[in-house]
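Just so it is clear, the values below take in all heavy atoms, side chains as well, and ignore hydrogens, waters and symmetry mates.
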Amino acid sequence: MSGRPHQTPLGSDPVSHRPLGNTPSRLQAWAELLRLPALFTVPGDALAGAAATGARPTPRTLLAICSSLCLYEAGMALNDWADRAEDAVERPHRPLPSGRVRPGAALAAAGALTAAGLALAARAGRPALTVAAPLAATVWAYDLTLKRTAAGPLAMATARGLDLLLGATATTGSPRRALPSALALSTHTLAVTAVSRRETQGGSSSAPLAALAVTGVLTGTLSRRPAHAPVSSNGAGTPPARANTAAGTAPIRGARGTAAGTAPPPGARGTASHTLHAALTAVYAATAARPLFHAVLNPSPPLTQRAVGAGIRAMIPLQAALAARSGAATTAVLTAALAPAARKFARRVSVT
């Protein structure tokens with residue numbers, strides 16, 4: 001979940017993007033450094049983790065999301081600091097080699113964001129901090145050392161899985177029920193990261209082919225709803241009373257003071273939930289598979305980069321499908337709603 005899978009933070013193709021309207025150049029440089037559009041792929045981790053536990057999101061879930069956002073951005077800043085010499089040759093338009101942001105400022109931002117992320121996790125409770133600490137360590141290890149080794153993709157996958165578990169642990173105090181969802185997200189991340197390692201060179205169809213196979217396996221897995229995920233009136237897989245007890249905090253309330261996700265009749269609720277789950281699974285498969293298929297047929301740098309970008313975008317429908325699979329329809333819809341915003345901002349700020 002940190003920075004680039006190999007050269008770019010879960011990035012896509014290195015193209016120039018339009019400035020954000022009249023945004024001052026300094027702010028534009030920091031937006032590029034932190035790759036702000038990629039932030040839209042982060043909240044779904046914690047939300048999917050909370051959904052997998054069967055509990056409704058609580059204020060602690062929100063703290064976990066904020067912690068994840070800080071740690072993610074710390075990885076982005078640290079990534080560019082670690083890659084500043086390499087980027088001076090391959091990506092001179094990036095903020096550090098172009099001189100728009102000082103390397104020391106980027107490193108300081110990485111440290112400050114890491115500290116903020118850990119502090120927010122601590123506010124969510126000691127169990128959340130026990131997940132956030134190894135997550136932060138994985139981010140720093142990846143950016144500084146591991147991404148240029150064979151362990152790089154595994155480290156990136158581990159970070160993403162831990163991010164999902166952070167949401168589960170902050171919400172209920174235990175990550176156990178979220179382990180299958182974390183494994184699914186980690187597997188997707190591993191496949192995308194493996195493809196990204198050759199995104200500037202191209203020339204090999206083996207990684208895109210393997211990623212395409214992973215997409216197929218995950219699609220099949222997502223299509224099967226777990227037996228322990230009944231749809232309940234709280235939009236999660238656990239009855240309201242049980243969810244509240246597990247979370248240890250009051251659920252987030254709607255505008256009229258009732259718990260979010262007030263239930264329609266059981267039959268209609270079940271049909272709508274199944275339809276939503278199937279639709280999100282199909283969106284995930286379509287988003288990830290087609291560009292990977294093109295990269296298999298022609299593993300050129302542009303098509304490989306597009307496949308990586310599609311893999312990143314596919315994380316949002318994957319997170320939403322995982323939430324829907326757990327019975328959390330409201331969470332799934334909220335997560336899926338992040339995708340249009342991610343696409344819009346990605347046209348204006350480069351994520352590479």
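Shortest non-hydrogen contact noted between Val195 and Ala207 is CG2-O, 3.6 Å. When all heavy atoms of Ala182 and Gly161 are compared, the closest pair comes out as CB-O, 3.8 Å. The two atoms that bring Leu280 and Ala332 nearest to each other are CD1-CB, 3.8 Å, heavy atoms only. In terms of heavy-atom proximity, Leu166 sits nearest to Ala128 at CD1-O, 3.3 Å. Residues Ala295 and Ser205 come closest through the heavy atom pair O-CB, 4.4 Å. The nearest pair of heavy atoms linking Ala310 to Pro291 is CB-CG, 3.4 Å.
Side-chain N/O atoms of Thr172 and Ser174 include no donor and acceptor closer than 3.5 Å. Between the side chains of Thr171 and Thr61, at least one donor N or O sits under 3.5 Å from an acceptor N or O.
Ser204 has its side chain out of reach of Pro299: every pair of non-hydrogen atoms, C-beta onward, lies at least 4.5 Å apart. At least one side-chain heavy atom of Pro57 sits under 4.5 Å from a side-chain heavy atom of Thr331. Residues Leu318 and Leu222 have side chains in contact (heavy-atom distance under 4.5 Å, counting atoms from C-beta outward). Looking only at side-chain heavy atoms (C-beta outward), Thr41 and Tyr72 come within less than 4.5 Å of each other.
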Please step through side chain to side chain contact (heavy atoms under 4.5 Å, CB included) for the pair Leu96 and Asp87, ending with a clear verdict.
-> CA-CA 8 Å; Leu96 266 62; Asp87 284 347; over 6 Å; no
Trp81 and Leu144: side chain to side chain contact (heavy atoms under 4.5 Å, CB included), yes or no, with the steps?
-> CA-CA 9 Å; Trp81 181 85; Leu144 297 180; 3.9 Å; yes
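The residue from Leu135, Thr138, Leu162 that alone fulfils the side chain to side chain contact (heavy atoms under 4.5 Å, CB included) condition with Leu71 is Leu135. A side-chain hydrogen bond (donor to acceptor under 3.5 Å, both in side chains) with Arg160 holds for exactly one of Thr187, Asp45, Thr189; it is Asp45. Under the side chain to side chain contact (heavy atoms under 4.5 Å, CB included) rule, Pro43 has a single partner from Thr335, Leu69, Leu62, which is Leu69.
Salt-bridge formation is detected for the pair Arg148/Asp83: a Lys NZ or Arg NE/NH1/NH2 atom is positioned less than 4.0 Å from an Asp or Glu carboxylate oxygen.
Under the 4.5 Å side-chain contact rule for hydrophobic residues, Val283 and Val333 do not share a cluster. The hydrophobic clustering, which links ILVMFWY residues whose side-chain heavy atoms are closer than 4.5 Å, places Trp30 and Val42 together. In this structure, Leu297 is a member of the same hydrophobic cluster as Leu292, with clusters built from ILVMFWY side-chain heavy atoms closer than 4.5 Å. There is no path of hydrophobic side-chain contacts, each under 4.5 Å, that joins Leu47 to Leu63. Under the 4.5 Å side-chain contact rule for hydrophobic residues, Val214 and Leu190 do not share a cluster.
Rounded to the nearest 0.5 Å, atoms CZ (Arg325) and OG (Ser181) are 7.0 Å apart. Note that SG of Cys70 and CD1 of Ile65 are 12.0 Å apart. Values are rounded to the nearest 0.5 Å. Separating the CE atom in Met156 from the CZ atom in Arg197 is a distance of 10.0 Å, to the nearest 0.5 Å. The structure places CG of Asn298 at 5.0 Å from CG of Leu303, a figure rounded to the nearest 0.5 Å. With values rounded to the nearest 0.5 angstrom, Leu185 atom CG is found 6.0 Å from Met315 atom CE. The distance from atom CG of Asp163 to atom CD of Gln319, rounded to the nearest 0.5 Å, is 8.5 Å.
Under the side-chain hydrogen bond (donor to acceptor under 3.5 Å, both in side chains) criterion, the residue pairs touching residues 277-287 are His188-Tyr284, with sequence neighbours excluded.
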Throw together a table of side-chain donor-acceptor distances under 3.5 angstrom for residues 100-126, partners on residues two or more places apart or in other chains.
unit_1, atom_1, unit_2, atom_2, d
Arg100, NE, Ser98, OG, 2.9
Arg100, NH1, Glu32, OE1, 3.2
Arg100, NH1, Glu32, OE2, 3.4
Arg100, NH2, Glu32, OE1, 2.8
Arg100, NH2, His93, O, 2.7
Thr114, OG1, Ala110, O, 2.8
Thr114, OG1, Trp140, NE1, 2.9

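A distance-only check finds a donor-acceptor pair linking the side chain of Arg35 to the backbone of Leu33 [under 3.5 Å]. Side-chain atoms of Arg94 never come within 3.5 Å of backbone atoms of Arg91 as a donor-acceptor pair (strictly under, hydrogens ignored). Looking at Ser186, its side chain never comes within 3.5 Å of a backbone N or O of Leu183 through a donor-acceptor pair.
For the side-chain hydrogen bond (donor to acceptor under 3.5 Å, both in side chains) test, no residue two or more places apart in sequence or in another chain qualifies with Thr145.
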